[in-house]
Structures are given as C-alpha cells and as structure tokens.
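Read through the structure below, which is laid out as structure tokens, and then see the notes.
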Amino acid sequence: TGNAKAKDSTTPTAAAASNANSSTGKTVTIGFSAPAADHGWTGAIAKNATAEAKKFSDVKLEAVQPTNDVTAQIAAIETLINKKVDVIVMLPNDGKQLTAVAKKAMAAGIQVINLDRVFDTPLAYRTWIGGDNYGMGVSAGSYIGDQLKSKGVSNPVIAEIAGIDSLPLTQQRSQGFKDALARYGFKVGPRQAAQFTVQSGQQVTANLLQSASRIDAMWNHDDDQGIGVLAAIKQAHRTEFFMVGGAGSANAMREIKSGSSVLKATVTYPPTMASSAIQLARLIGQTKGMTDLSQTEVPSSITLYSATVTKDNVDKFLPQGFES
Amino acid sequence: MSEPPPNAVSIEKPPNALATEKPPVAEQARVEAAAERASVHRRTGVLARISEFRNVGLLGVLVVLGIIGGITAGTFWTRSNILTILQQASVVGVLSVGMTFVIIGGGIDLSVGKAMALASVWCTTISTQSYGPVVMVLCALAVGMAVGLVNGVLIAYGRVVPFIATLAMLASAQGLAEWISNKQSQLVTQGAINDLATTEPLGIPLLVWMFAVVAVLGWILLNRTTFGRRTFAVGGNIEAARLAGINVRRHTALLYVLSGLCVGIAAIMITSLTTTGSSTHGDLYELDAIAAVIIGGTALTGGRGTVVGSVVGVVIFTTISNIFILNNLQTETQNIAKGVIIVIAVLLQRRGRESPV
Amino acid sequence: MSEPPPNAVSIEKPPNALATEKPPVAEQARVEAAAERASVHRRTGVLARISEFRNVGLLGVLVVLGIIGGITAGTFWTRSNILTILQQASVVGVLSVGMTFVIIGGGIDLSVGKAMALASVWCTTISTQSYGPVVMVLCALAVGMAVGLVNGVLIAYGRVVPFIATLAMLASAQGLAEWISNKQSQLVTQGAINDLATTEPLGIPLLVWMFAVVAVLGWILLNRTTFGRRTFAVGGNIEAARLAGINVRRHTALLYVLSGLCVGIAAIMITSLTTTGSSTHGDLYELDAIAAVIIGGTALTGGRGTVVGSVVGVVIFTTISNIFILNNLQTETQNIAKGVIIVIAVLLQRRGRESPV
Amino acid sequence: MPSTAAVSVAKDQRVPLLTMSGIVKEFSGVRALDGVDLEVRAGEVHCLLGQNGAGKSTLIKVLSGAHQPDAGTISWEGEQVSFSSPMAALRRGIATIYQELDLVDGLSVAENIYLGHEIASAGFTRRGPLKAHARALLARLGHPEISVSQEVGGLSAAGKQVVSMARALSQDARIIVMDEPSAVLAHDEVANLFRIIRDLTGNGVGIIYISHRLAEIREVGDRVTVLKDGRTVAIGLPAKTTPTPQVVTLMTGRSIEYAFPARPAPSFDGRPEILRVEKLSRGREFTDVSFTVRAGEIVGLAGLVGSGRSEILEAVYGARKPTAGSVFVDGKKLRPGSVPAAVSAGLGLAPEERKSQALFLDQTIAKNITASALKRYSRLGFLNRGAEIADAATQIAALDVRPADPRHAVKTLSGGNQQKAVVARWLLKGCRLLLLDEPTRGVDVGARSEIYSVVRALADSGVGVLLVSSEVPEVLGLADRVLVIRDGQIVREAQAVDLAESEVLDLVMEGSAV
Ligand SMILES: Nc1ncnc2c1ncn2[C@@H]1O[C@H](COP(=O)(O)OP(=O)(O)OP(=O)(O)O)[C@@H](O)[C@H]1O
Ligand SMILES: Nc1ncnc2c1ncn2[C@@H]1O[C@H](COP(=O)(O)OP(=O)(O)OP(=O)(O)O)[C@@H](O)[C@H]1O
Ligand SMILES: [Mg+2]
Ligand SMILES: [Mg+2]
C-alpha cells in the first residue's frame with residue numbers, strides 16, 4: 001500500500017536537518033477520534049494520544065467524542081472536517097465503515113493518519129500505523145507450540161478465548177494463531193468469543209473449562225478480559241495448563257513476573273501506537289520526514305511488532321504495560 | 001364500511017316519544033341546560049387538549065437544549081450542524097415511527113436494531129448488489145418486513161409475549177447477519193446507494209427528507225385512518241377492540257410488519273450512511289427508539305401516544321449527543337450528564353396527569 | 001389497627017332481618033348447597049391451580065434442555081458443570097429477584113446492570129478497600145440502595161415514567177462508575193472478597209447459596225407478607241390500591257429500593273467472581289434479568305408474577321449458554337440458536353391463558 | 001324448589017328472529033350455561049332475568065360471538081348459524097351493550113361509537129361525518145352535552161354507558177342486547193332509555209334486556225326468560241302480567257320480600273358525631289357542602305348522575321383534594337387529599353366503578369376482600385393466610401357471593417358478584433365510617449336485601465354510613481337521613497321518613513324544570 005499520494009510530496013523544505021523534528025514548527029491542529037475508552041487498551045490509546053500532544057507546543061489536539069457507534073463517529077469526523085483541522089488521527093470503529101468519510105477528509109485536503117484498524121482503500125489515508133493482529137496470533141501460537149513441543153505433548157487440547165468475533169482484528173488474530181499452530185501439527189480446540197470485558201471473560205471461561213477436563217494451553221486475546229479469565233480458572237481450581245495473554249497490560253505482566261500464575265506469557269499489541277500516530281501527524285502537518293530514515297517523507301504504512309513477553313524479558317516491557 | 005349506517009336517518013329526527021310525556025317548557029329548559037353544560041365541557045375540552053398536548057413541553061425541552069447548545073458551543077447554531085443533527089436522528093427516527101405504532105398497539109419490538117443490521121447485510125451481499133440498487137432497496141424492505149411478519153405471527157397467533165418474541169428475534173437476526181456476512185463489513189459497490197447519504201435536495205440531506213416523509217406518513221396513518229384508530233383500540237383495551245369486531249390478531253401482526261417496513265427503510269439509510277452492510281449496525285438502537293417513543297409521551301402500556309412526540313424525542317436525544325460532541329466532553333461526563341438531562345427534561349415537561357407509576 | 005374492628009362481631013351473626021323471613025329448612029338447604037358448590041369449586045380450583053402453575057411448563061423446558069445438554073455434551077451432567085451453571089446464574093438471578101418485585105408492582109428497572117457496576121466500582125476503590133471487606137460489602141449495599149432510592153423517588157414522587165427514569169439512571173450510573181474508576185478495572189486486594197467466589201460450603205459454591213437465600217427470602221416477601229400482597233395490588237390496579245388505603249407512592253419507591261438492595265448484593269457477587277470492580281460489569285444484565293422475569297411468567301403490565309418463575313427463567317438462559325459453549329458453537333450459531341430455542345421454549349410452555357398481545 | 005320445569009307460554013304469531021337452544025358453556029370445570037334456550041322476536045323487548053351468576057352475561061356473550069358455546073344451536077331467522085367472532089354476530093345485525101363498559105379510554109367519544117365500523121373512505125376516516133353522526137346519536141339519546149371529541153376515559157360511568165348505547169345504535173342492528181344498561185343510570189336517564197327502546201322496537205328491532213330492577217321489566221318488557229344456575233327455568237312469560245313473587249321464586253327458588261330492614265328509633269341527636277364536613281368545595285364539582293354523620297346513622301345522598309355525589313364522597317375520603325373546607329372525623333381534622341390519613345382515621349370507601357377503582361382482577365376473591373384489612377392478618381409483616389381466608393369465607397357466605405370459593409379469581413365472577421366482593425371488603429375492614437357509592441349496582445334482588453340488612457346491622461353496631469345511590473327508593477328506604485344534591489350543592493336535608501319519592505325527584509330535577 002505504497003501509493004498514497006501526499007499532495008505536498010514535492011515540497012523541498014522537507015529535507016530538514018535531522019534534529020529539526022523536535023524543534024518547534026508551525027502549529028498543527030490534529031483532530032483525534034477513537035472508539036469509546038471503555039476498555040484498558042482503548043483507554044490507553046486515548047491517554048497516550050493526549051499525553052503525546054501535550055509534549056509539543058506546536059500541536060493543538062482536537063479530540064472528539066469517543067464512541068462505539070459508527071454513525072456517531074462519522075458525524076464526529078464530519079465535525080472535524082468542518083472545523084478544517086490540519087491532520088486527523090483516526091482509530092475507526094470499523095475500517096470499512098469509515099472509509100467513505102476518511103476519503104472525504106482527504107478530498108478536503110486533510111491528511112488522515114489511520115490508526116490500527118485499517119481503511120478499505122489507501123485513498124482514504126496518508127499513513128497507516130497499527131499493530132499486527134495476524135502477527136500477534138502467530139506469536140502466541142508459536143510460543144504455545146514451542147512450549148508443548150518441548151514438553152513432548154502430543155494431541156494437546158489448546159483453548160482460545162477470542163475477543164469480539166465480529167471485529168476483523170479478532171478474525172486476524174485467530175487466523176494467525178491457527179496458522180502458527182498448524183506448523184506444529186496442532187489445532188485449536190475449544191474456542192469462544194468474549195466481549196473484551198472482565199465479566200464476559202469470567203463467564204465464557206467458567207463454562208469453557210467445563211467442556212474439557214484437561215487443557216494443555218490457552219490463548220486469551222486480551223489481557224483486560226484476561227482478569228476475568230484468570231478469576232474463572234482460579235475458581236475452577238484448574239492448574240494443569242498454561243496460558244498466554246494478549247495486548248500486554250501491566251497487570252498481566254505482573255502476573256507473569258510473579259511466576260505463580262497460569263499466565264506464563266503475553267503477546268503485545270502496544271497502545272503506544274497512539275503516541276507515534278500523534279508524532280507522525282505532527283510531522284506530516286509540518287511536512288517533515290522521519291529523521292532516522294533516509295526518506296524525506298513519512299512512510300505510508302508502519303506495522304508494529306508483536307513481541308512475546310515472558311518471565312525472562314518482562315522487566316523490559318513492564319514500563320510500556322498499560323493499566324487495565 | 002365507508003357509508004353511514006342505514007339507520008343514521010332515524011337519528012336525526014327529534015325524540016318524539018318522550019317529548020309528549022314532558023311539558024314542552026321543561027324539555028326546552030332541559031336541552032338548554034344540557035347545551036350549556038356541553039359548552040362548559042367543550043371549553044374545558046379545548047383547554048385540556050392544549051395542556052395535554054405534551055409535545056409543547058417536549059418542544060420546550062428542545063428550546064432549552066438549543067439555548068444551552070448555542071451558549072456552550074459556537075458552531076451549534078450553524079446550518080450544517082443542525083443538518084448533521086437531523087441526519088444523525090434520521091435512522092433511529094425512522095425506527096421510532098414504527099416503534100410508536102407497536103407500542104401504542106400494546107406491544108414492543110426489541111428486534112429493530114438487529115433486524116436492521118440483518119437487512120443491511122442481506123442487501124449488500126455481492127450477489128444482491130449485482131442486481132443493482134433497486135433490487136438492493138427491495139431486498140432490504142423485504143427482509144425487514146419478513147422479520148416483522150415472523151414477529152407478528154409469533155406474537156399474535158403464537159401468543160408469545162412481545163418482549164420475549166422480539167428479544168429472540170434480536171438474537172436470531174444478529175446471528176443470521178453474522179452468518180451471512182461472515183462477520184465482515186460488506187462494502188457497497190453501488191454508487192447510487194452511497195449517494196443517498198450525500199445528495200442534498202433543496203440543500204437538505206436526502207436522509208432527512210426520508211425521515212420527514214416517514215414521519216408524515218406515520219402521522220397520517222395513525223391519526224387519519226381506521227388502521228391508526230384501531231391501533232389505539234387494540235393497545236388501549238384489547239377486549240373492547242375484539243368485541244367491536246376488530247380482527248385483533250391480524251391487526252397486531254400488521255403492526256409488527258409495519259415496524260419491519262420501517263426497519264427496511266432504516267437499513268437502506270444506515271447502509272448508505274456507513275457505505276457498508278454490517279452485523280454490527282444498530283447495536284442498542286432498539287433502546288434508543290423505545291426511549292424516544294416513551295419520552296415522546298407514548299405509554300408503554302399501550303393505547304396512548306403520538307408520532308410527533310416520538311420524532312421530537314429522537315431529535316432531543318440526538319441534540320444532547322451533539323452538544324456533548326461540540327463541547328468535547330469525555331465519555332464519563334457525557335453519561336452522567338445524559339442521565340441528569342433526561343430526568344430534568346421529563347420533569348420540565350411535567351406530565352402530572354400520568355399515574356404515579 | 002392490628003386488632004379486629006369493633007363491628008367484626010356483628011358481621012358474623014347471620015343477617016337477622018332476612019333470616020326470620022325464610023323458612024329454616026330452606027335456609028339450611030341453601031347453606032348446604034353453597035357448601036357443596038364450594039367443595040366442587042375447591043376441587044376444580046386445585047386442578048386449575050396445577051395447570052395454571054406455569055412453572056411446570058418452565059420446568060419442562062429445563063428438562064428438555066437437560067436432555068439436549070446430556071446428549072450433545074458428555075460433561076453436561078457432571079456435578080461441576082451443574083454448579084458452574086448455577087454459579088453463572090447467580091448474579092443475574094439475584095438481580096431478577098428484585099426485578100420481579102418491580103415488574104409485578106407495575107414498573108421496570110433498566111438501571112440494575114450499570115448500578116451494579118457502580119456499586120462494584122465504588123466498593124473497590126483503594127480507599128474503600130482499605131477499610132476491609134465488611135465496609136466493602138456495606139458500601140456496595142449502600143450504593144445499590146441509594147441508586148434504588150433515587151429511582152424510586154423520581155418515579156413515585158417525581159412521576160417520571162419508570163422506563164425513562166431508570167434509563168437515565170443507567171447512563172448516569174455508568175458515567176459515575178467510569179469517572180470513579182477512571183475506566184480501569186479495579187483489582188480486589190482483599191482476599192476475603194475474592195474468597196466468596198471460591199468457598200464452597202457443603203460442596204456448593206457460596207454464590208449459589210447467596211442466590212438461593214435471596215430467592216427464598218424474595219419468595220417469602222412476595223407471598224407471605226403484606227408488602228408482597230401490596231405489590232400485587234399496586235401493580236394490578238393502582239387506582240384500586242390507592243382507594244384501598246395503600247400508600248401507593250411510598251410502596252412504589254420501596255420497590256426500587258428493594259431492587260437496589262439486590263443490585264448491591266449482585267455487585268458483591270460479581271466483584272468476587274471477577275476479582276475486580278469495573279464500569280464494564282453488568283452490560284445488558286438488565287435485559288437478561290427482564291427477559292428471565294418475563295419468561296418466568298411475570299406480566300410486563302404488572303400485577304402478576306412469581307419469584308420461582310424468574311429463578312427458573314435465569315437458569316434456563318444460563319443453561320442455554322452453557323450448552324452452546326460445551327458444544328463449542330461459534331457466536332453466530334449461538335445467536336441464531338438462542339433465538340429459536342427461546343421461542344420454542346415459550347411455545348412449549350404454551351401460555352394459552354395469556355391474552356393474545 | 002317450587003318450579004324447576006320450564007314454564008311455556010302460547011306462541012306469538014310473529015316469527016322468532018333468533019332462537020338459541022341447548023346452549024352449554026363451560027369455564028375450566030364451571031358450567032356457566034347448562035342447556036339454555038332463548039327465543040327473541042322482531043320488535044319485542046325480551047327480558048332476561050336471573051340471580052347474579054345465573055349466566056345472563058355469558059349467554060349474551062355466546063350470542064354476540066365473544067364466547068364459543070360448547071354445545072347447542074343458534075338459529076337466525078330459521079337458518080342455523082354460528083358466530084365464530086364478534087365480527088360475525090355484528091354482521092348479522094346483533095349489537096351488544098356489554099355489562100362491563102368495554103370502551104377504549106384513549107379514543108374519543110365519536111371514535112368509540114364507530115370503532116370497528118368506522119365511517120371511512122379508502123381506509124381514511126372521514127372525521128366530519130363521523131363527528132356529525134356521533135353527535136346525532138348522542139342527541140337522540142338525550143345527551144347532546146357529551147362532546148364527541150372528548151376522550152372517553154374522562155367520562156363518568158353514566159357517560160360511558162351512554163356512549164355504549166350510542167355504539168349499539170350506530171350498528172345496523174336487528175337485535176340489540178342490553179346487559180344491565182340501567183345499572184349506572186339515574187331515574188330520568190332510565191326514562192330516556194325506555195323512550196329509545198320503544199323507538200327501536202317500533203322500527204322492528206328486537207331487544208334483549210337484562211336488569212335486576214323488576215319494576216323496569218314490568219314497564220318496558222314484553223316477555224321474560226328466567227335463568228337459574230345456568231338453566232332456563234321459564235321461557236316467554238308475559239312481562240306485564242306475571243306476578244312479581246312468581247318471577248322472584250323462579251329466579252331464586254325462594255320468595256323474598258323486597259323489603260328494607262327496620263329503622264331504629266330515629267333519634268340520633270344524642271349520639272356522637274363521627275363525621276363533620278364543613279363548607280367543602282372543589283372547583284366546579286361541588287360547593288359549600290356541609291353535613292354530619294352520627295354514630296349508627298345512615299345518611300343517604302340523593303341526586304342525579306353527575307350532580308357531584310361521588311366527588312363529595314371521594315373528597316371526604318381524601319381521594320380528591322378539596323379546594324376549600326375541611327373534614328373532621330371524631331372531631332379531629334383530616335389531612336386533606338390523603339387516603340392513608342382517612343383510612344387510618346377509620347374511613348372506608350366502596351367506589352362506584354368496580355372494575356377500574358376497586359378490583360384487583362387477577363387476584364382471588366379472598367385477596368380482594370382482605371385488601372384493605374391486611375394489617376389485621378399481619379404479624380411483623382407476615383400474613384396469617386388461614387385467618388384471612390376464613391374471614392373472607394364468612395363475608396362470602398354473608399353476601400352469598402357465587403362461586404363461594406375464596407380462592408376463585410375475581411376476574412371470572414359475574415358482574416353482580418364482583419360488586420358483592422367490593423362491598424364485602426369494607427364490611428370486613430370494619431370502619432368507623434363507611435362510604436358506599438352505588439353499593440347495589442348490578443346486584444340481584446336476593447343479595448340486595450342481604451346487603452341492606454348487613455349495612456343496617458353495621459349501623460346498629462355504631463358505624464356511620466354515607467350512602468350514594470341513584471335509586472331514590474333505595475336511599476329513602478335504607479337511609480335515616482337524606483341529603484338531596486343538585487349541581488354540587490345540598491338543596492334539601494330531611495329525615496327519610498319525611499320525604500316522598502316524588503318530592504325527591506322534583507328536587508333533583510328542579511334545575512331543569514324551572
Ligand atoms: N371467564 C370465565 N371463567 C370462569 N368462570 C366464568 C367466566 N365468566 C363467567 N364465569 C362464571 O359463569 C357464571 C355466570 O356468569 P355471568 O357473568 O353470565 O352471570 P350473570 O348472570 O351475568 O350475573 P350478574 O347478574 O351478576 O351479571 C358465574 O358463576 C361466573 O363466575
Ligand atoms: N351522564 C353524563 N353525561 C355526560 N357527562 C357526565 C355524565 N355524568 C357525569 N358526567 C360528567 O363526568 C364527570 C364525573 O362524573 P361523576 O360520575 O364523577 O359525577 P358524579 O357527580 O359523581 O355522579 P354521581 O353523583 O352520580 O355519583 C362530571 O364532571 C360530570 O360533568
Ligand atoms: Mg352479568
Ligand atoms: Mg357517581
């Protein structure tokens with residue numbers, strides 16, 4: 001997806017000095033829109049964006065009402081277009097459903113930074129930055145595969161607690177997980193979707209544990225709902241398996257560090273992407289490039305890496321862990 | 001049924017039989033006294049009607065919101081913001097018109113939000129889209145009405161309580177929508193559909209026009225047709241309606257089909273607004289629609305209500321959200337404020353005439 | 001007023017004025033005939049009571065579900081799975097007991113889910129937790145009842161329709177919960193609270209015991225006390241209740257406080273079950289509770305209903321979910337099947353006696 | 001039982017319009033109708049008599065298609081028919097005024113009258129003609145003062161009855177069934193009703209007329225059919241000539257003196273005042289009403305329907321807040337507008353509209369009877385249900401409520417038996433002062449005298465009674481002292497023995513006679 005045509009790509013001043021990026025430039029008004037911060041991860045996204053914007057005296061953040069309602073988000077973006085902000089950073093509730101309005105913004109001369117959930121066409125954004133959902137599944141699958149192989153378990157029962165099933169990100173994670181396990185000749189056993197909430201995590205897991213008297217490993221897509229998943233496991237007095245989390249909350253990392261929990265690892269999906277998105281928006285607004293790269297322009301697509309946090313490397317990741 | 005009954009003729013002749021038994025003077029006085037009493041009744045009647053027209057109270061609430069919006073947000077009173085509010089109100093608005101009928105008729109329809117999602121998904125499958133925009137529209141309408149028909153038959157003939165029947169439909173419609181769409185948003189490739197949301201005849205978005213047309217037709221149907229009047233009867237006193245010779249079951253079933261028709265229209269609107277068909281559309285729209293209908297003065301117990309009230313109710317809710325967005329309030333503040341505003345609005349409107357529970 | 005009134009005596013003596021006019025034999029025959037008629041009635045009465053005891057139908061549904069569960073999932077009929085179902089049912093179950101009272105009393109409480117979230121958040125703030133588990137429990141109960149009191153006062157004295165008042169409370173409670181918790185899950189550090197969900201006196205989880213106790217107390221309150229009797233009266237015919245001398249407003253307010261008490265108890269339960277207080281708790285629990293109450297035979301229009309029905313209703317819904325998960329059905333299949341099963345369940349139960357709408 | 005065999009009378013020449021024979025209707029084990037025969041001719045007023053619960057309403061509901069019979073046949077002009085729904089019966093020309101005032105509160109008067117057969121073209125109501133026709137119908141019924149665009153919910157019981165009648169007239173009816181139409185009507189209104197009936201029969205319409213007032217039957221009826229316990233015990237008796245004792249015996253199986261209990265010596269002056277009402281006013285409903293009720297005294301309020309008697313009662317009871325004046329019970333001022341205050345001061349009200357104001361239809365008879373006296377059966381809030389049911393059974397027996405099963409749902413009772421349950425509630429409650437609004441509405445002769453004697457017995461035990469009735473003889477016969485109300489004011493107060501019926505009628509009508 002490298003054909004984003006930034007209309008000012010020919011501006012010569014972009015080749016600025018390498019440390020010029022941190023120096024104050026022309027004031028950029030950044031519109032920001034994300035789903036409702038009703039969840040640890042989305043909360044961290046909003047928080048990181050606000051915090052990052054505060055760091056720059058030349059950035060004015062216009063954060064609109066976070067909402068889980070697509071039409072409300074569309075309306076919110078329309079307000080931003082009417083306000084003629086310079087750049088819009090948008091984490092859409094649903095990439096496809098917001099593509100039209102993003103295109104409208106681009107057409108109105110507003111650069112759109114697409115955060116995480118991807119739009120349907122590159123015409124709708126200047127730059128995409130986001131996590132690697134498929135890669136997350138792969139990381140989790142690989143960790144579980146390695147562990148079970150090394151223990152010599154054959155025909156393992158591998159459970160999966162997914163997030164909201166109708167989100168493309170959930171589908172990508174599950175696909176990655178399935179593909180990774182397939183490399184070891186394993187397959188996913190009981191798989192249920194929760195709602196990204198503690199309570200649904202507890203509810204689904206409590207029932208799921210009843211369906212299999214023995215489980216070897218479990219991947220839970222999301223550390224927020226993971227609190228509930230862990231509670232259900234404790235309440236069922238089940239210890240025979242290990243579990244891998246997702247997203248990388250501080251709480252999950254503390255559990256991993258303690259070593260006494262069934263939670264042995266988590267695969268990250270860092271909400272710091274919001275901070276980066278604000279930085280990118282500022283650079284694009286000021287028509288600067290990323291100084292560590294040779295390009296004069298910000299790239300059109302940046303995919304974050306999904307790291308596997310285990311007891312061995314948890315200390316390195318703890319500062320980035322978000323509170324759920 | 002359209003002509004006056006045959007014995008209407010005999011009605012007009014004066015009551016001779018009695019007149020002879022009473023002294024004419026007394027009869028005269030009696031009639032005059034009665035007429036005087038009647039005029040008192042008529043006078044209080046008009047007064048009562050005005051004060052009972054609780055939409056006045058609702059409009060007052062809207063005015064207060066408008067003032068608050070104007071003070072707190074500079075852009076509130078711009079043409080484009082007002083049109084945004086109306087466009088935002090249009091989808092739930094159309095659903096609430098159908099819901100008004102169902103609730104006045106003594107029922108409830110919890111399935112509207114997810115039935116709308118199902119209709120939007122069904123009309124945006126690749127194969128449906130290949131037949132062009134007209135077929136897509138017909139498909140959405142057909143799916144909506146089919147859902148309504150199933151609801152109606154279950155409730156009217158299967159005697160399942162409306163709450164449960166439509167709740168079951170909510171779950172099934174959602175599942176079906178997920179199954180058809182494979183849980184993915186289906187992009188609309190037919191430009192004509194997407195254009196619905198962007199065309200602005202006479203400077204007003206087409207979706208707002210559609211909302212207005214549905215509301216006006218709904219008003220006419222409710223207030224000016226036998227169907228509408230019978231809806232009040234069925235919801236107000238089902239036994240009386242039955243004894244009056246109304247086919248109560250068929251009527252009840254039709255109410256849900258009507259709501260389904262509104263669902264189909266709303267599905268087209270949301271599809272063009274979001275340029276997709278998706279199983280995630282319409283989450284909790286049923287609650288929004290019911291809340292708007294009830295804040296609009298329709299009684300949840302049936303037999304009473306107005307379309308105008310429901311429409312104003314939807315606009316009130318949308319305006320509240322809009323003011324929040326313009327003022328950039330955070331979720332938690334929004335939620336707290338929303339609750340407080342709703343209560344104040346209702347207290348302002350002061351429906352003292354309602355029973356205390 | 002607890003003593004018999006002065007004229008109770010005179011009532012018991014036969015109406016002399018008349019008795020003297022009748023031949024004693026005829027009177028004797030009359031009384032005997034009346035007694036005979038009464039016994040006939042009592043016999044048919046018992047029959048009618050059994051067939052009217054629609055919980056039999058509901059239990060039938062549960063049996064069918066049990067059979068389906070046993071056939072499709074090997075582990076369904078294990079002790080631990082049954083206990084899991086009951087434990088899962090307990091939170092909504094407690095809410096549904098309070099909801100039963102509110103609905104029988106002619107109201108509705110949409111705020112229970114989010115009020116529970118608020119109570120769970122409030123009782124798990126760091127400062128509350130510092131006072132220890134007892135204060136946490138009291139805090140949850142107090143918050144629940146306070147929410148109920150506000151609902152009750154708004155509805156009974158402010159005359160706001162229950163649907164709107166409690167919907168507003170839903171929004172406000174959610175906002176408040178988010179504000180207090182800063183939208184983060186608050187981990188419980190007091191082991192005693194978390195232990196509630198893991199202790200199993202007599203081999204049965206404590207939460208199930210709590211559910212059972214709440215249900216039994218609710219049953220007694222509804223069926224064996226003046227409070228319960230008045231609840232039926234207020235919901236059945238509010239005007240008649242008022243003219244019968246019942247303080248209708250105070251009673252209505254109390255119903256919501258009672259629901260709030262159940263909310264507080266449920267908050268403690270969900271907090272220990274999830275080991276957190278969170279503003280995301282209880283999403284749509286109000287719908288689950290209302291659905292259970294209604295499938296349990298309580299009329300949404302008030303005046304009729306049973307606690308047993310509601311409890312069985314909750315267990316039915318939980319069992320359905322359990323069977324789905326044991327069979328590893330995916331979301332869409334679950335949803336479609338859920339709708340279909342609910343309808344079949346209701347049709348099985350066949351409440352022919354209900355009015356068609 | 002003197003006569004259980006059907007008494008037949010020589011046939012008239014006219015062809016029967018309607019014949020019902022062997023009609024059986026059973027409700028979950030209860031045989032409401034057990035082989036009933038009925039025959040109605042064009043242009044006659046056919047009266048249907050029977051005690052409360054005899055099956056009159058059930059029979060006409062079978063006729064109007066509201067119930068399906070379990071056995072039996074219906075012939076219409078010699079052709080056998082079956083009415084599967086009310087619509088089918090209406091199409092044949094059978095219009096019904098139901099006992100329970102089944103109107104839709106939320107609709108206007110005009111819309112109620114034409115509900116189900118709206119004046120419309122292509123589905124659109126023609127509101128002009130609709131109102132004009134409705135207005136004409138109301139004028140014909142002598143009630144031009146009822147506004148056709150008023151909501152029916154705001155009308156009094158009498159007003160609703162008028163609308164029901166207008167509705168029946170609006171149908172193209174060959175037979176009009178009237179189930180206790182006069183129960184809520186006052187004297188002059190009944191005369192008006194009879195005028196309409198004669199008008200209709202003159203046009204060849206057959207009328208089935210149900211009433212518990214035997215005098216009415218005599219005045220307007222042509223033939224009489226008597227039901228007892230779901231069976232026909234007499235067919236086609238001549239209404240004008242059959243002696244009253246014979247009819248009563250047929251109905252009840254015993255002979256009843258239609259008599260009021262003896263009054264005690266009319267000296268209440270020494271007794272303590274229980275109720276004192278001073279200059280009570282409320283808007284346009286009533287003004288400057290002052291009176292007292294002493295212990296053991298029965299005070300009757302006579303007046304036309306709509307004269308404000310119910311409003312006075314409800315204001316005394318706290319159910320309506322007066323705009324001026326005060327109410328004293330035992331010398332203590334009552335908090336105005338508070339029912340609980342009135343009840344704890346010892347007041348009780350049996351309101352006039354049993355269905356909407358008094359009954360919990362889904363509950364059992366026992367629960368309805370004890371609803372106001374729950375405290376008596378409660379210990380720490382827990383109910384002693386045994387005692388409750390026993391006491392309810394006592395009242396049921398005293399008033400001869402049928403079925404006599406306290407656990408029976410009140411919903412399934414006949415109209416008159418429901419009324420008895422309402423009266424029983426206040427007899428059981430036992431108050432210092434009992435307010436009775438139309439206590440015998442729809443109650444049969446037998447039970448009527450029983451209610452009279454119970455009320456008198458209550459008074460004898462020291463209770464004060466305030467009685468409203470639209471039947472002037474009842475007020476004069478039962479009360480010790482009578483207040484005549486006209487247009488919300490007391491126009492005359494006298495001992496009942498000093499008043500003649502004609503005098504009271506003149507007084508109440510005076511406003512219109514001037
Ligand atoms: N729906 C019903 N279910 C059960 N029993 C019923 C039902 N309707 C009527 N009954 C019973 O049928 C019998 C006849 O009732 P019906 O109403 O016909 O009496 P009625 O002659 O009209 O009396 P009234 O003069 O008091 O109006 C009564 O015993 C009544 O309790
Ligand atoms: N027959 C009638 N037709 C039209 N309107 C009526 C009639 N009777 C009463 N109303 C109106 O309805 C209102 C309430 O009636 P309601 O029965 O309470 O009167 P009321 O004076 O209590 O009658 P009553 O004295 O017979 O008990 C009154 O304001 C009166 O104007
Ligand atoms: Mg009757
Ligand atoms: Mg009256």
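Below, chain A is the first sequence line, B the second, and so on; all start at residue 1. Just so you know, these numbers use all the heavy atoms, side chains as well, and skip hydrogens, waters and symmetry mates.
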Item to check | Quiz item: cation-pi between A:Arg173 and A:Tyr269, 6.0 Å / 45° | outcome: yes
Item to check | Within 6.0 Å of CH2 in A:Trp128, more than 12 heavy atoms from elsewhere | outcome: yes
Engaged part of [X] at the chain A interface, taking heavy atoms whose separation is under 4.5 Å:
X	value
B:Asn322	neither
B:Thr274	both
B:Ser80	side chain
B:Gln334	side chain
B:Leu284	neither

Next on the checklist: Can you tell me which of A:Ala63, A:Ala36, A:Ala76 forms the most heavy-atom pairs within a distance under 4.5 Å of chain B?
Outcome noted: A:Ala63
Next on the checklist: Distance check, rounded to the nearest 0.5 Å: B:Ile82 atom CD1 versus B:Thr319 atom OG1?
Outcome noted: 7.5 Å
Checklist entry - Of the listed residues (B:Gln186, B:Glu178, B:His281, B:Glu332), which shares the most heavy-atom pairs with chain A below a 4.5 Å separation? => result B:His281
Checklist entry - Based on non-hydrogen pairs under 4.5 Å, which of B:Gln87, B:Gln184, B:Gln88 is most in contact with chain A? => result B:Gln88
Checking heavy atoms, do the side chain of [X], its backbone, both or neither come under 4.5 Å from chain B?
X	result
A:Thr79	side chain
A:Gln73	neither
A:Asp69	side chain

Item to check | Side chain proximity check, A:Gln195 to A:Ile164, heavy atoms < 4.5 angstrom | outcome: yes
Checklist entry - Less than 4.5 Å apart, any side-chain heavy atom of A:Val198 and any of A:Asp224? => result no
Item to check | Option passing side-chain contact (heavy atoms from CB on, under 4.5 Å) with A:Ile88 (candidates A:Ile113, A:Val64, A:Leu115, A:Ile110) | outcome: A:Ile110
Next on the checklist: Working note: A:Asp165 + A:Arg191, criterion salt bridge (charged side-chain N to carboxylate O under 4.0 Å, His left out); need CA distance, chi angles, decisive distance, verdict.
Outcome noted: CA-CA 11 Å; A:Asp165 245 354; A:Arg191 177 192 180 280; 2.8 Å; yes
Next on the checklist: Less than 4.0 angstrom from a charged side-chain N to a carboxylate O is my criterion; do A:Glu78 and A:Lys104 meet it?
Outcome noted: yes
